[in-house]
Amino acid sequence: MTSSLRTFVACALGLSSVTAAAFAQRKDLAARHKQPTAQQVTFNRDIAPIVFHYCAPCHRPGEAGPFPLLTYSEAKAHARQIAAVTATRFMPPWLPEPQPAKFADELRLSDEQIALFQRWVEQSAVEGAPSDLPPAPRFISGWQLGQPDKVIEAEKPYTLPATGSDMYWNFIFRAPVDRTRWLKAIEIRPGDKRVVHHANILVDRGQSARHQESEPGAGFAGMELKIESENFDPDSHFFFWKPGTVLKPEPEGMALRLDKDTDLVLNIHLQPSGKPETIQPSLGLYFTDKHATLFPVLLQLENDRQLDIPPGQKHFVVTDKFTLPVDVDLLAIYPHAHYLGKDLQALATLPDGSVKALIHIPQWNLNWQAVYRYANPVPLPKGTTISMRYVYDNSSDNVANPNDPPRRVVAGNRSMDEMAHLWLQVLPHTSPDMAFDPRMLLQEAMARHNVEKNPADFEAHYNLAAMLMARGEQAEAIKQFEQAVQLRPQDATANNALGASLLAAGRADEAISYLSAALKVQPDNFDAQYNLANALVSQEKFAEAIEHYRAAVRLRPGDANAEANLGGALAETGNLAEAKVHFQRALQIDPHHKLARENLEQISGDLNHPQP
Amino acid sequence: MQLSRFIPRRLYVSFSLLTAGVVLLAFPFARAAQKTALHADGTPADPFQEAAGKPAVFVFVRTDCPISNRYAPLIQRISARYRGKAGFWLVYLGKWASRERIRQHESEYGYKLPAMRDPQHALVARAQVQVTPEAAVFDAHQRLIYHGRIDNWYEDLGHSRPAATTHELDDAIQAALTGKAPPPSAPGVGCYIADAQ
């Protein structure tokens, strides 16, 4: 069994006073019908194309923008505001600097476009000729990809208070499937879009987040989430919503597997609006019959250990770098820091020494964090070093500083703590002659990197060992598991994994001590019961083994191996009648269970022709 | 003769009155041009008279301005704190501020203080405010002693503090009540009032 424990982090806009309403009306009419001069900027000709493309996706009814911007009169009613917020690039919200590796759906205005807004307002914001007006933008009403195959709504709403600091709330959605399905898209309907800053789905295959709920379906608070998984199933997809998100299906071949016992955890960032808001998100699931054939992986660079920022420090730098063990295509990138983050940058240094900018956000703003997808995949060959460099400002000059006066800040999951994370969605290149799944090589390299960064990182030792074990590197795997157990002697999973590895290496005596330790901490650990029974069998301690097999069968009645091995141990002690029952159960569970069938045939013969 | 002399004088007086009457008849037009704030129901409002010798406080808002909306709980709290000590009004701007829309907005945001409309920007001009939400504080002698931001929660659009560290509106009302020096005027962050015509 391999295991991996992974931590996953989880357009608004606003003339001198008029002496009388009648005069205002006349002036407005005059503005509308004023004949534009050659140099004059008009709404219909110059401004509408920009507003329709960049602003209207959010500034329309039902979307995040606080007012619509679909007509001349609506734009005129906010003309100065528009000129001001575009001049500072507050709107449209787009944090990354321009770079050769373009992002999809970039919302960055050019300097010329910004200047047009300024001139339009300076020239009394005239409407211009009706013939110049481009067609009104068209938006899909309702679900963006058509009616979803399944819609699931959060069981209980969350009420956001009228005032207070930003809130991070998690809703757990139980996968509405009775068998494994493949997802080509998930549309997130986060609730009132005017108060939701962003939303992010985490795939919780082990239902590990549920224990944080006070009662099933209640949801729970928390900015960052830790999702645990006991199977090698690396995080692979970003399901991210921010205002104006244009939903696109996952690329061909990259469907997401959705098993029946999977939870989808929706982490949403809410900002109080001044009145209480009831938030009850829903998800639209779109299935496909096409199983995944391409398997992207989310890689994480981070250096939370470096985060120990003294109060008043204006320029605190955190770095990390990781060298790719395989060729990959970089599909998307997600930088993440909290309120002290100032300048976030990531680069790729290719084996030939050339450097590619992956992203640079010179003025980080947590409120506008986003997953950025590249317009075209960025090829990064094996040996490429990806590096991140984040700068933090813990002075009182940083108005977003959660502490007044500033205080020492270290890494943590609360919004007043900090983070230095960079997530990359990569698609490893594969070829038929590859001995190992390149995802495993990536995970192994990532775990090794984390062990080097932090020798006290339990999860890194554990994950590295698991990957080594899967590759058959038993000796090194055992060493890594040993270090994991040294770091957390009471961890049942680690003790079990070390015991299982020792058993596989033929070191049954040592295995028994770690497996017993695992059971001491967690008697209902099926794997430890089963592995300990196997270890005892290898030492021909059948009676003891039978007890642990029985425990394993009780814990997981549908496990064919446990039934078959219990049958085997019983047969060894001469209890052929009961052994037969368990071989038969194993075959009921799995009719192709070879060992159970062979043993059943063997003991059936013995039962029919008892040895003298 | 004296009588006869007297009569023309009376005629003269009554002519004067008549002239005055003509002037008065001409005034309604001129009065319509004079800027006036309105109560939410559309009737003319004179908040300074209503303040009855107490300080008068105005907070300018717009129903579609997200920043002035976010301030609603604080504006309500401050107004409640000075109930009976100062006249306190919300001033709605923008052509969308109908009586019904104001009533709905006040209900949604939990406002309990009286609201006015200022379609002609009479109060805007007198209070010298530029954006919503900005506030203006007049002392008991109707002198403008403060206009500007409520506090420093917002530094700029998109850049807010977790909590304000200065409280200009509160300080200004205290100054109006006690005669102490008001805080210096500081511009608010929000939505341009000039757009709300």
Side-chain angles (χ1 to χ4, degrees), chain A residues 12-24 27-28 64-68 73 75-85 88-91 93 121 125 161-166 194-195 271-276 339 363 365 367-368 396-405 415-416, chain B residues 32-36 61-77 93-96 105 107-111 118-126 129-133 152-165 188-197:
Chain A
L13 298 175
L15 302 169
S16 66
S17 67
V18 179
T19 52
F23 178 59
K27 190 176 171 188
D28 203 38
F67 43 79
S73 55
K76 188 172 184 329
H78 299 278
R80 288 189 176 219
Q81 198 78 28
I82 295 171
V85 299
T88 59
R89 292 192 179 278
F90 171 56
M91 285 287 143
V121 171
T163 187
S165 54
D166 287 16
R194 294 187 183 190
V195 296
Q271 196 164 66
S273 69
K275 63 185 173 72
Y339 293 101
Q363 287 182 300
N365 186 334
N367 288 340
W368 297 115
S396 48
D397 291 349
N398 176 2
V399 296
N401 197 326
N403 302 299
D404 176 42
S415 60
M416 63 181 59
Chain B
Q34 192 176 359
K35 296 172 232 168
T36 314
V61 299
R62 189 168 156 157
T63 57
D64 61 352
C65 178
I67 298 182
S68 64
N69 284 340
R70 292 196 77 195
Y71 267 98
L74 178 64
I75 294 167
Q76 175 56 35
R77 275 205 304 278
L93 302 171
K95 59 187 173 188
W96 308 274
H105 189 263
S107 160
E108 283 178 354
Y109 287 87
Y111 278 126
D118 192 18
Q120 299 173 328
H121 288 191
L123 290 170
V124 166
R126 191 157 172 191
V129 289
Q130 305 280 330
V131 305
T132 58
N152 72 345
W153 185 15
Y154 275 82
E155 180 76 12
D156 196 355
L157 291 167
H159 295 280
S160 58
R161 292 182 170 78
T165 57
V189 174
C191 310
Y192 285 97
I193 289 172
D195 280 337
Q197 288 177 337

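Residue numbers start from 1 in every chain, and the chains themselves are labelled A, B, ... in the order their sequence lines are given, proteins ahead of strands. Values in this document were obtained by computation on a predicted structure and should not be read as measured data.
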Quick check: are there more than 12 heavy atoms from other residues, nucleotides or ligands sitting under 6.0 Å from CD of B:Gln130?
no
Pick from A:Ala79, A:Ser165, A:Gly164, A:Ala162: which one has the most heavy-atom pairs with chain B under 4.5 Å?
A:Ala79
Side chain from CB out, backbone as N, CA, C, O: work out which of these in A:Asn398 comes under 4.5 Å of a heavy atom of chain B, or both, or neither.
neither
Can you give me the closest heavy-atom contact between A:Pro272 and B:Arg70, atom names plus distance?
O-NE, 2.7 Å
Distance, nearest 0.5 Å, that separates CD of B:Gln76 from OG1 of A:Thr163:
12.5 Å
Closest heavy-atom pair, B:Asp195 versus A:Ala77, reported as atoms and distance to 0.1 Å, is CB-O, 3.1 Å
Hey, does the side chain of A:Asn365 reach the backbone of B:Gly158 with a donor-acceptor pair shorter than 3.5 angstrom?
yes
Rounded to the nearest 0.5 Å, the CD atom of A:Gln363 sits from the NE2 atom of B:His159 at a distance of 6.0 Å
Between A:Ala400 and B:Pro162, the two heavy atoms sitting closest are O-CG, 3.9 Å
